[in-house]
Protein chains: 2
Amino acid sequence: MTTVLKLGGSVITEKDRTETVDVANLGAAVEALAGREDVVVIHGGGSFGHHHAAEHGVSTTEGTHDDEAVRAIHGAMKRLNAAVVEGLSGEGTPALPVHPLSVASRDADGNLHAPTAHVETMLAEGFVPVLHGDVIVHAEKGATILSGDELVVALASALDADRVGVCSAVPGVYDESGEVISHIDSFEAVADALGGSDETDVTGGMAGKVRQLLELDAEAYVFGIDGLDAFLDGRQPGTRID
Amino acid sequence: MTTVLKLGGSVITEKDRTETVDVANLGAAVEALAGREDVVVIHGGGSFGHHHAAEHGVSTTEGTHDDEAVRAIHGAMKRLNAAVVEGLSGEGTPALPVHPLSVASRDADGNLHAPTAHVETMLAEGFVPVLHGDVIVHAEKGATILSGDELVVALASALDADRVGVCSAVPGVYDESGEVISHIDSFEAVADALGGSDETDVTGGMAGKVRQLLELDAEAYVFGIDGLDAFLDGRQPGTRID
């Protein structure tokens, strides 16, 4: 029973303050994860990655051959990853860092190639892999952004995950009147509500998240930090997407 | 024309002083590499990795499930890698870090699985990948050491490298009278001389290096830091092994 959990960059960092961890939220997240097994953690960039990516004009489709830009984005994401790994290990979770630049790439058509044999072995050996949104090499474009959301979908598929959790800055997917939708089983049913969503960042907003989560075999949930314990306990917080 | 270059841990660090870079030798190495293309750099552990590995009783065959030990060894190797990447980029070389824990693993039979599509894309896009000896997950054993030497052989094969250079603390492979052997084409011819070598470290000495380099299709060379420029210029410093 494998779980893939995304900790949103806007949850664990203070998005308006450069490279600042949201200590309260990260603390709540690592406490909720203490003692859990068979979970892969993926975190977004928040105020660490997005700032550098925007500064250098790098996105999921716009690439760069500037090695200094690649190191700047990657270095910032590694600093955030170190904070997450340290927080987890401080609560006794056997966390190990996995940096996408070291393993993933895109071909000239933009298809992601992200080998996962080592992640499977980490899980089998009792470790908790901690991945993150990153910059990765991209054939003919130099390097582009791999968002945490894209990584969630790729890993959930590759690992044949049973449950996927996306811990966000909001308690679930909102409908047009600002209420959390409890269940989404098709994009059409919620397209109008999501089209108007403000919850966007440089690597894709809620509409994109929902669209991708619907494509997974796994049961997926979008919830806020207050729903994390419930999700990890096997309950159904926020919005269920399947 | 792809070159795989190993910078020995005993070359770029002061082996007797914990986590200390040999600034003169690292400086000479990054200067020799300035402006070079189509080269993959791999460095050993020296006084960064070996100390932690020995302390926790982890070797290429003895594993650990202690996540703190894994993070300690990996963290030390990342600090050395950061120094190498920084040194290279300071000389204008478009270096990008690649951490084996993030990509490689061993199966229960000890076979190494080390995907390289991203390394090939880095080379094709003009970047210089910088890998290192590391701790990696190992099925049924937790995690074991991947030596820089093993990585050289794995990458040279996977990338179908034309030339392999092993920059060591010695100017080449010595014969019984302490002279550098100019050419080795079979292990038997030098077995006696190598059996008596003192040049050993926790991840294998000169005999193992020679044995593995003989198995490669590529032309391989073992030389000291003074031979690095010659090697990168296509000349034949130290000991040629093929």
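Given the structure is predicted, the values throughout are model-derived calculations rather than measurements.
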Discussion item. What I'd like to find out is whether the side chain of B:Val98 reaches to under 4.5 Å of the side chain of A:Leu101, using heavy atoms alone.
Written reply: no

Worksheet item: Within a reach of under 6.0 Å around CD of A:Glu55, are more than 12 heavy atoms found that belong to other residues, nucleotides or ligands?
Response: yes

Worksheet item: Given that the side chain runs from C-beta out, which part of B:Ala124 has a heavy atom under 4.5 Å from chain A: side chain, backbone, both or neither?
Response: neither

Discussion item. Ignoring hydrogens, what is the shortest heavy-atom contact between B:His74 and A:Pro97? Give both atom names and the distance.
Written reply: CD2-CG, 3.8 Å

Practice prompt. Please look at B:Val85 and chain A and tell me whether the side chain, the backbone, both or neither of the residue comes under 4.5 angstrom of a heavy atom of that chain.
Written response: side chain

Fill in: Neighbourhood of chain B inside residues 152-159 of chain A, taking heavy atoms under 4.5 Å as contact
none

Practice prompt. Among the options B:Pro100, B:Ala143, B:Ser89, B:Pro115, pick out the one with the most heavy-atom pairs lying under 4.5 Å from chain A.
Written response: B:Ser89

Worksheet item: Which pair of heavy atoms, one from A:Ala117 and one from B:His113, lies closest together, and at what distance?
Response: CB-CD2, 3.5 Å

Worksheet item: Which heavy-atom pair separates B:Phe127 from A:Thr64 by the least distance, and what is that distance?
Response: CZ-O, 4.1 Å

Worksheet entry | Sequence-distant partners of A:His132, ring pair (Phe, Tyr, Trp, His ring centres under 6.0 Å), two or more places apart | A:His43, A:His99

Worksheet item: If you count the non-hydrogen atoms of other residues, nucleotides and ligands that lie under 6.0 Å from CZ in B:Arg211, is the total more than 12?
Response: no

Worksheet item: Top residue by heavy-atom pair count (under 4.5 Å) with chain B, among A:Ile136, A:Thr121, A:Val128, A:Leu131?
Response: A:Thr121

Worksheet item: For the side chain of A:Arg71 and the backbone of B:Ala95, is there at least one donor-acceptor N/O pair under 3.5 Å apart?
Response: yes

Worksheet entry | Within-4.5 Å side-chain heavy-atom neighbours: A:Val137 and B:Glu120 | no

Worksheet item: Would a distance-only check, ignoring hydrogens and angles, find a side-chain to backbone donor-acceptor pair under 3.5 Å from B:Glu125 to A:Glu140?
Response: yes

Fill in: Most chain A-contacting option - heavy-atom pairs closer than 4.5 Å, from B:Gly75, B:Gly126, B:Ser105, B:Gly63
B:Ser105

Worksheet item: So which heavy atom on B:Thr93 is nearest to which on A:Asp67, and how close?
Response: O-OD2, 4.0 Å

Discussion item. If we define contacts as heavy-atom pairs under 4.5 Å, which of B:Ala82, B:Pro129, B:Ala139 has the most with chain A?
Written reply: B:Ala139

Fill in: Side chain, backbone, both or neither of B:His138 within contact of chain A (heavy atoms, under 4.5 Å)
backbone

Discussion item. Heavy-atom cut-off 4.5 Å, strictly under: side chain, backbone, both or neither for B:Lys141 against chain A?
Written reply: backbone

Worksheet item: So does A:Asp38 have more than 12 non-hydrogen atoms from other groups sitting under 6.0 Å from CG?
Response: yes

Worksheet item: Is the count of non-hydrogen atoms from other residues, nucleotides or ligands lying under 6.0 Å from B:Asp107 atom CG greater than 12?
Response: yes

